[in-house]
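Reading through the C-alpha cells given below for one structure.
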Amino acid sequence: MGKGTIKVVADRCKSCGYCIKFCPKGVLAIGKNVNAKGYEYVEPVNMDDCIACAICGRICPDGAIEVYKN
Amino acid sequence: MELIYSRTKTIQEDKVSGFCPGCMHSTVIKLIGEVIEELDVVDKSVLITGIGCCGLHMDYIAYDTITAPHGRACAVATGMKKASPDSLIFTYQGDGDFASIGLAESVSAANRGGNFTVIFINNGIYGMTGGQMAPTTLLGMKASTAPKGRIAEEHGYPMHMSEILDKLTAPAYIERTSCNNPQNVMKTKKAITKAFKNQLEGKGFSMVEIVTSCPTNWGLDPMKSLEFIEEKMLPEYPLGVIRDTIG
C-alpha cells in the first residue's frame, strides 16, 4: 500500500490533464468512464506509488481531487 | 486515513463551475477561498467581480459578492471599503475589465491608494465575448479582431499594468505571478495571502496580477496552453514582486 490515497470527485473533473502532467509518480490517468458533463474523468491507476504530496489537488482547477495520507 | 487536501468550502458543493477545461479562473478562485479560510475572514469577505468570464464566479462561491458595472469594480470597491471598513474587500477582474474598459477607474483607485485588493487576471485575450484582442494581447498573437496577429503600428503594444501602476506613489504592494505549474500556484497563494494581510492591517492598495491561460480562445488544448504561458506570456510578463513598500 502506498503512502497516500487519492479520491477523484468524478463530476467535478473536466479532463484537463494538469494533475497527470504534474504528478511526480505517474499515479493518475484519464479513465474510460464518462461523467455527467461528458468528460472522461481522471482515475488513479497506480495508487501504490502515491506519496501523498497533494500536487494533483493543488494544480486541479476545479478542486476535484481529495488527497489522504495513509 | 488523514485528509490532507480537499476542495475549499468557499465554493458551493453542489455546483461545478462552467469554466472550460484547463481554465485557471477556477484555480485562482480556489486559492482565494483557501486564503480567506486560513485567515478566518470568510464571513467578512466581499468579492467584487468585473464583467466577463470573471463574473461567472458569483454563481459558484459561498461568500458575499457584488458584480460591478463593466470596468468599475475598483470604483465599487472604493465605495464598499468606505461604507464597511472592517470587511475584506477585493476585486476580481480580467484584463478587458481592468486594463481596457476600466482603465480610468483602476488607475484612479490605485492612485488614491484605496485600502483594498485587486486580483487581476491576465490571459491576453477577451474570453467570454469570443477571443477579441485585449490591451494585454501579445504582439503577433491572433485574436478574432486581429486575425493576422497583433501589429504594433496598428494596435499598439501589450500593456504592462503592474509596471504602469508601479509608477504611481500610493500603491503598497504589486506582484505578478502565474498558475502554470504547482510552484507558481503556491507562489500565487502566498502573494494573495500577503495582499489580503496588507489590507487587514490597513497598509493600502495591493494588486496581484496573475498570468493565466484561455485554452478555448487561444485555440490550444490545456497542455499546449501551459507551454504557451511558459514560452510566450512569461517572457513578456516577467514574474516577481514589482513593488513592495511594506517589506
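In what follows, chains are A, B, ... by sequence order, proteins preceding strands, each numbered from 1.
- For chain B, the nearby part of A:Ile55 is the side chain; its heavy atoms alone come within less than 4.5 Å.
- A:Lys69 has its side chain out of reach of B:Tyr5: every pair of non-hydrogen atoms, C-beta onward, lies at least 4.5 Å apart.
- Contacts with chain A (heavy atom to heavy atom, under 4.5 Å) involve these residues of residues 209-228 of chain B, listed by number: B:Ser213, B:Pro222, B:Met223, B:Ser225, B:Leu226.
- With a 4.5 angstrom heavy-atom cutoff, A:Phe22 touches chain B only via side-chain atoms.
- Residues B:Val16 and A:Asp11 approach most closely at CG2-O, 3.5 Å, considering heavy atoms.
- Both the backbone and the side chain of B:Phe19 come within contact range of chain A, judged by heavy atoms closer than 4.5 Å.
- For B:Ile11, the part lying near chain A is the side chain, with the backbone staying farther off; criterion is any non-hydrogen pair under 4.5 Å.
- In this structure, the portions of B:Asn181 lying under 4.5 Å from any heavy atom of chain A include both its backbone and its side chain.
- In this structure, B:Val185 and A:Ile59 approach most closely via the heavy-atom pair CG2-CD1, 3.8 Å.
- When all heavy atoms are compared, the tightest approach of B:Gly22 to A:Cys16 is N-CB, 3.4 Å.
- Residue A:Ala52 touches chain B through both its backbone and its side chain, counting heavy-atom pairs closer than 4.5 Å.
- In this model, a donor atom of one side chain and an acceptor atom of the other lie less than 3.5 Å apart for B:Ser17 and A:Lys14.
- Among A:Gly4, A:Ser15, A:Gly57, A:Cys60, the residue making the largest number of heavy-atom pairs under 4.5 Å with chain B is A:Gly57.
- Considering all non-hydrogen atoms of both residues, A:Arg58 and B:Lys30 come closest at O-NZ, 3.1 Å.
- Remark: A:Asn70 CG to B:Met1 CE distance equals 6.5 Å, nearest 0.5 Å.
- For B:Glu13, the part lying near chain A is the backbone, with the side chain staying farther off; criterion is any non-hydrogen pair under 4.5 Å.
- Between chain A and the options B:Cys179, B:Ser26, B:Cys20, heavy-atom pairs under 4.5 Å are most frequent for B:Ser26.
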